[in-house]
Amino acid sequence: MGDPVVRELHELDEFREVERLYDEIWPHVAGQGRVLTVELMRALDHAGNYVAGAYRGGRLVGASVAFFGAPIGETLHSHATGAVAGSGVGFALKRHQREWALARGLSRITWTFDPLVRRNAYFNLVKLGARPEEYLPNFYGDDMVDTVNSGDRSDRVLAVWRLHDARVRAAVGDAAVSDAVVRAEPALVERDGRPVLLRTDAEVVRVAVPADIEAMRRTDPEAAGAWRSALREVLGGLLDAGARVVDFDREAGYLVARRG
């Protein structure tokens, strides 16, 4: 399977394809609107923002929509990037988005993601080299329109992708750097499927997330709610206090440094 072809989109029929793909990825709740509409994509593209699609064998398999953000002239905010699972399309889209931003003199791309979703955290922090810099409680409110996120508080973290950083350049294949192995003490761990907060004054701590929060929301919503509250308290509290996330491990979770 070859790499997908990623290109900018400008035509209404292309936007309709994206709308259909997003409906498959984030099915909307009956009676509610869509994640993104054809009309909004048309307006964003016409105003010079970023709308791109990834194709494999002539079929749309991923798309990304972003717009310029603050600080003006420095930032692109990536609002929605969706792709078919397990295909490498998401990575190809982000590389294209980075090249597009660099060509316009931008130095960073931001986006929000649910910090409880382990695979997304791994992709954003490890595969891309982005870093969460702000915890945003209930960012989209209680009434998200898609069935993937509805029924849970919409806590998000703001990921910041600093496009010239050595870590980011290494992640996208522009440079090679080695990462130091960090010894971290637990601040939030999983026991019998539930979150347990631990007191530690360590300079570097690890903050766990469940293996599959989306399945947990369906099978044990009470446990899912407990994880949301625990992560908000621990990761949100650390970020609010000036700590920074330095890495993410599939098993250990977030690695957070209190200083530096």
Side-chain angles (χ1 to χ4, degrees), residues 1-28 33-38 40-42 44-45 49-67 76-102 108-132 140 144-150 154 156-161 163 168 171-174 209 211-215 217 248 250:
M1 185 182 299
D3 292 337
V5 175
V6 182
R7 60 178 174 81
E8 291 182 65
L9 306 180
H10 303 290
E11 304 299 329
L12 285 173
D13 285 346
E14 295 172 330
F15 301 148
R16 292 187 185 103
E17 280 190 281
V18 174
E19 187 180 70
R20 285 192 292 269
L21 178 68
Y22 281 179
D23 282 350
E24 294 173 8
I25 296 171
W26 298 291
H28 54 281
R34 289 182 162 92
V35 172
L36 274 171
T37 64
V38 169
L40 182 56
M41 285 182 274
R42 166 64 102 184
L44 289 170
D45 169 62
N49 294 284
Y50 179 84
V51 183
Y55 292 83
R56 181 171 278 143
R59 173 176 168 260
L60 184 71
V61 291
S64 185
V65 178
F67 45 82
L76 182 73
H77 183 74
S78 184
H79 177 61
T81 299
V84 296
S87 61
V89 176
F91 187 73
L93 280 165
K94 296 308 287 187
R95 287 194 63 175
H96 183 273
Q97 189 180 76
R98 177 176 180 267
E99 292 166 4
W100 188 94
L102 288 171
R108 69 180 203 160
I109 299 174
T110 62
W111 62 88
T112 63
F113 72 95
D114 186 340
L116 276 176
V117 181
R118 183 184 291 187
R119 70 175 186 279
N120 287 351
Y122 182 84
F123 177 77
N124 291 328
L125 276 64
V126 178
K127 293 286 289 183
L128 296 178
R131 286 292 173 262
Y140 294 110
M144 294 193 72
V145 300
D146 65 285
T147 59
V148 174
N149 292 288
S150 63
S154 59
R156 296 292 183 265
V157 295
L158 182 72
V160 179
W161 208 23
L163 304 182
V168 174
V172 299
D174 284 355
V209 293
D212 191 343
I213 188 63
E214 292 156 312
R217 286 176 184 143
F248 184 86
R250 286 184 186 272

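In this structure Thr110 satisfies the side-chain hydrogen bond (donor to acceptor under 3.5 Å, both in side chains) test together with His77, sequence neighbours excluded. Every residue two or more places apart in sequence or in another chain that forms a side-chain hydrogen bond (donor to acceptor under 3.5 Å, both in side chains) with Arg98 is listed here: Asp174. For Val126, the side chain to side chain contact (heavy atoms under 4.5 Å, CB included) criterion is met by Tyr122, Asp247, Phe248, not counting sequence neighbours. Remark: Asn49 engages Leu44, Ala47, Phe67, Phe68 in a side chain to side chain contact (heavy atoms under 4.5 Å, CB included) (not counting sequence neighbours). For Ala54, the side chain to side chain contact (heavy atoms under 4.5 Å, CB included) test picks out Pro4, Val6, Val61, Val89, Leu93, with sequence neighbours left out. Not counting sequence neighbours, the partners of Ala211 by the side chain to side chain contact (heavy atoms under 4.5 Å, CB included) test are Arg118. Not counting sequence neighbours, Arg59 has no partner by the salt bridge (Lys or Arg N to Asp or Glu O under 4.0 Å) test. Checked against ring-ring contact (aromatic ring centres under 6.0 Å, His included), Tyr22 has the following partners two or more places apart in sequence or in another chain: Trp26. For Arg108, there are no salt bridge (Lys or Arg N to Asp or Glu O under 4.0 Å) partners at least two apart in sequence or on another chain. Considering only residues two or more places apart in sequence or on other chains, Arg16 meets the side-chain hydrogen bond (donor to acceptor under 3.5 Å, both in side chains) condition with Asp13. Listed by chain and number, the residues in a salt bridge (Lys or Arg N to Asp or Glu O under 4.0 Å) with Arg7 are Glu14 (sequence neighbours excluded). With sequence neighbours left out, His79 forms a side-chain hydrogen bond (donor to acceptor under 3.5 Å, both in side chains) with no residue at all.
With no hydrogens or angles considered, a side-chain donor-acceptor pair links Asn124 and Trp111 at under 3.5 Å. Side chains of Thr112 and Tyr140: a donor on one and an acceptor on the other come within 3.5 Å. For the residue pair Glu19 / Thr37, no side-chain donor-acceptor distance below 3.5 Å is found, with atom types taken as modelled.
Residue Leu36 holds its CG atom at 11.5 Å from CG of Leu21, rounded to the nearest 0.5 Å. Rounding to the nearest 0.5 angstrom, the gap separating the CG atom in Leu116 from the CG atom in Asp212 is 11.0 Å. Expressed to the nearest 0.5 Å, how far CZ of Arg42 lies from NE2 of His10 amounts to 10.5 Å. Rounding to the nearest 0.5 angstrom, the gap separating the CZ atom in Arg95 from the CG atom in Asp3 is 8.5 Å. Atom CH2 of residue Trp100 and atom NZ of residue Lys94 lie 12.0 Å apart, to the nearest 0.5 angstrom. Distance check: Tyr55 OH to Leu60 CG gives 5.0 Å after rounding to the nearest 0.5 Å.
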Margin query: The test is side chain to side chain contact (heavy atoms under 4.5 Å, CB included); show your working for Leu9 and Val18 and say whether it passes.
Written below: CA-CA 10 Å; Leu9 306 180; Val18 174; 3.5 Å; yes
Note to self: Working note: Asp114 + Arg119, criterion salt bridge (charged side-chain N to carboxylate O under 4.0 Å, His left out); need CA distance, chi angles, decisive distance, verdict.
What the structure shows: CA-CA 10 Å; Asp114 186 340; Arg119 70 175 186 279; over 6 Å; no
Notebook entry, point to check: Would Tyr50 and Asp45 satisfy side chain to side chain contact (heavy atoms under 4.5 Å, CB included), going step by step from the backbone distance to the final call?
Noted result: CA-CA 6 Å; Tyr50 179 84; Asp45 169 62; over 6 Å; no
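Nearest approach of Ala101 to Leu76, heavy atoms of both residues: CB-CD2, 4.5 Å. When all heavy atoms are compared, the tightest approach of Lys127 to Ala171 is O-CB, 3.2 Å. Residues Gly90 and Ala83 come closest through the heavy atom pair N-CB, 3.9 Å.
Remark: aromatic rings of His96 and Phe91 are distant, center separation not under 6.0 Å.
A 4.5 Å side-chain heavy-atom check between Phe113 and Leu125 finds at least one atom pair inside the cut-off. Looking at heavy atoms from C-beta onward, Ser64 lies in side-chain contact with Ser78 at the 4.5 angstrom threshold. Within the 4.5 Å cutoff, no side-chain heavy atoms of Val5 are placed close to those of Arg56. The shortest side-chain heavy-atom distance between Leu12 and Val38 falls under the 4.5 Å cut-off.
A donor-acceptor contact shorter than 3.5 Å is absent between the side chain of Trp161 and the backbone of Arg131.
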